[in-house]
Protein chains: 2
Amino acid sequence: MSAHTQHRGELHRAVAARLSEHDQQYTANRRAVVDALVAAGGPITLPELLATDATLAQSSAYRSLATLIESGIVRRLVHVGDHALFELDEHLTEHHHHLICETCGTVVDVTLPDRVERTMDDAFDAVASAAGFAPSHHAVDIYGTCTHCQT
Amino acid sequence: MSAHTQHRGELHRAVAARLSEHDQQYTANRRAVVDALVAAGGPITLPELLATDATLAQSSAYRSLATLIESGIVRRLVHVGDHALFELDEHLTEHHHHLICETCGTVVDVTLPDRVERTMDDAFDAVASAAGFAPSHHAVDIYGTCTHCQT
DNA sequence: TTGCTTGCAAATGATTTGCACTGCT
DNA sequence: AGCAGTGCAAATCATTTGCAAGCAA
C-alpha cells in the first residue's frame, strides 16, 4: 500500500523517486507544476494551473504534465468542459472518486467507505474477467448539482 | 424503470417521441446516426460512425449528434483517445458501465448485479449529500487490459 | 561537450460554425 | 413563403511540436 503522503517534503521526495525510476529529473518547472496541484487540492485545468504561477510557459506546463503523467505522478481526467483536468495520482494522495456538477462543471473529490470499495472491486473483477479483461483500477463519477447551482 | 427498447421500431418511436418533446424533428440524417449507433451496439467514434454510412457529411453527423445529445437520446463519453465516443442513452438501452482497455482503447459495455448497483447508489447518495450535491446519476469506468492486448 | 529542458512561435487536428441551398410544413 | 436541416469550406481552440537557446552532468 502506497503511503498517503502527508507532508509536503515527503511528497516531493516521493515524486523525485518516481521520476528517477523513469529516468526523469525533478526540474524546477516540474516542481512548480506539482506545487500548483498540491495547492489546488483537487483537479484543476491548465489555465488554472498557469494562473498560480505566472512564470510558467504554457507549452512547458503541458510538457511537464506529460512527463509527470508518464511517470504516474499526475492523472489526467476526462473533459468536463473544453479543458482537461489534472490532479495528483492516487499513489500520492488517496483513492477517491469525483462528484461533478452538471451545471457549473465543478469537480470535488470524495472517498467511499472501504466496505463499498470492496463490494465494487469484487463485482468489477467478476464482470471484467467474464469479458476477458484483466482489471487494473476503476473510476467512479457521480453527477449531480452542487449547492451553489441548486435553485 | 424506463423500457429497455427491444425492437428496432419501438426504439425509433421512442427516439421520435423524445425529439418531438424537444421540438426537434426525426430527420433522415438523425435516423441514420441512430441506426449506426444501434448497429454498433456500443460506443463508437465519429469516424467509425461515418464509415457505416458514406452519405453522411461529417459536419452533419456532429450536428445530428449534438441535437440527439440535447434531447437525451445520445450520450457522449469522455475521451479514451483523441475522438469522443458516442452511444445511445441508457433510456433507450439499459443502465451499464464501461470496461476500457488501457492498451488499445477498446470500450465494452458491462452491467452489474442489481445488488451492487443498490449498494453503490446508497453510498453515492450519502457522500453526495454530505458534500451538498443533489446526485442524479453515476458512471463507472473499469480500466484494464482486454484479451487481445494481454501478452 | 552532450543531452535533457524550456520558451516562443507555428502546426495539428477534433469539433464548430458561416453561408448558401434544399426540403419540409 | 418561412424556417429547420444540410453540405461545404473555413474558423476555432486546446494541445502538440520544431527549433534555437539555457542548463546540468
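We name chains A, B, ... by the order of the sequence lines, and we start the count at 1 in each one.
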**OP:** Not counting sequence neighbours, list each pair that qualifies as a ring pair (Phe, Tyr, Trp, His ring centres under 6.0 Å) and has a residue in residues 35-70 of chain B.
**Re:** none
Original post:
Where along residues 27-61 of chain B does a heavy atom fall under 4.0 Å from DNA chain C?
Top reply: Gln58(B), Ser59(B)
Original post:
For Ala84(B), which contact category applies under a 4.0 Å heavy-atom criterion: base, sugar-phosphate, or nothing?
Top reply: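 Answer is sugar-phosphate: Ala84(B) comes under 4.0 Å of backbone atoms only.
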Original post:
Atom CZ of Arg31(A) and atom OG of Ser64(A): how far apart are they, to the nearest 0.5 Å?
Top reply: 12.5 Å
**OP:** Round to the nearest Å and state the distance from Tyr62(B) atom OH to dT12(D) atom P.
**Re:**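 Distance check: Tyr62(B) OH to dT12(D) P gives 18 Å.
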Original post:
In whole Å, what is the span from the NE2 atom of His83(B) to the P atom of dA14(D)?
Top reply: 19 Å
Report all side-chain donor-acceptor pairs from residues 33-44 of chain A shorter than 3.5 Å, counting only partners two or more places apart or in another chain.
from	atom 1	to	atom 2	distance (Å)
Asp35(A)	OD1	His12(A)	NE2	2.9

**OP:** Please list, chain by chain and in numerical order, all residues satisfying side-chain hydrogen bond (donor to acceptor under 3.5 Å, both in side chains) with Glu48(B), sequence neighbours excluded.
**Re:**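 Once residues adjacent in sequence are excluded, the partners of Glu48(B) under the side-chain hydrogen bond (donor to acceptor under 3.5 Å, both in side chains) criterion are Thr45(B).
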Subject >> Non-neighbouring partners of Thr103(B) that pass side-chain hydrogen bond (donor to acceptor under 3.5 Å, both in side chains), sequence neighbours left out >> reply: none
**OP:** Go through the structure and list residues passing ring pair (Phe, Tyr, Trp, His ring centres under 6.0 Å) with His137(A), not counting sequence neighbours.
**Re:** Tyr143(B)
Subject >> Gln25(A) side chain vs Ser20(A) backbone, donor-acceptor pair below 3.5 Å >> reply: no
**OP:** Please list, by residue number, the residues of residues 18-26 of chain B whose heavy atoms come closer than 4.0 Å to an atom of DNA chain D; answer none if no residue qualifies.
**Re:**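 Contacting residues: Gln24(B), Gln25(B).
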Original post:
Using a heavy-atom cut-off of 4.0 Å to chain B, what are the terminal contacting nucleotides of DNA chain C, in 5' to 3' order?
Top reply: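 Contact span on the strand: dA14(C) to dG18(C).
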Would you mind writing out the side-chain donor-acceptor pairs for residues 67-77 of chain A within the sub-3.5 Å range, not counting sequence neighbours?
from	atom 1	to	atom 2	distance (Å)
Thr67(A)	OG1	Arg63(A)	O	3.1
Ser71(A)	OG	Thr67(A)	O	3.3
Arg75(A)	NE	Glu87(A)	OE2	3.4
Arg75(A)	NH2	Glu87(A)	OE2	3.1

**OP:** Please list, chain by chain and in numerical order, all residues satisfying side-chain contact (heavy atoms from CB on, under 4.5 Å) with Ala61(A), sequence neighbours excluded.
**Re:**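 By the side-chain contact (heavy atoms from CB on, under 4.5 Å) rule, Ala61(A) matches Leu46(A), Leu50(A), Leu56(A).
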Mind listing the side-chain donor-acceptor pairs of residues 108-135 of chain B below 3.5 Å, one per line with the distance, residues two or more places apart or on another chain?
from	atom 1	to	atom 2	distance (Å)
Asp109(B)	OD1	His98(B)	ND1	3.3
Glu117(B)	OE1	His95(B)	NE2	3.0
Glu117(B)	OE1	His138(B)	NE2	3.0
Glu117(B)	OE2	His95(B)	NE2	3.3
Glu117(B)	OE2	His97(B)	NE2	2.8
Thr119(B)	OG1	Arg115(B)	O	3.0
Asp121(B)	OD1	His138(B)	ND1	3.2
Ser129(B)	OG	Asp125(B)	O	2.5

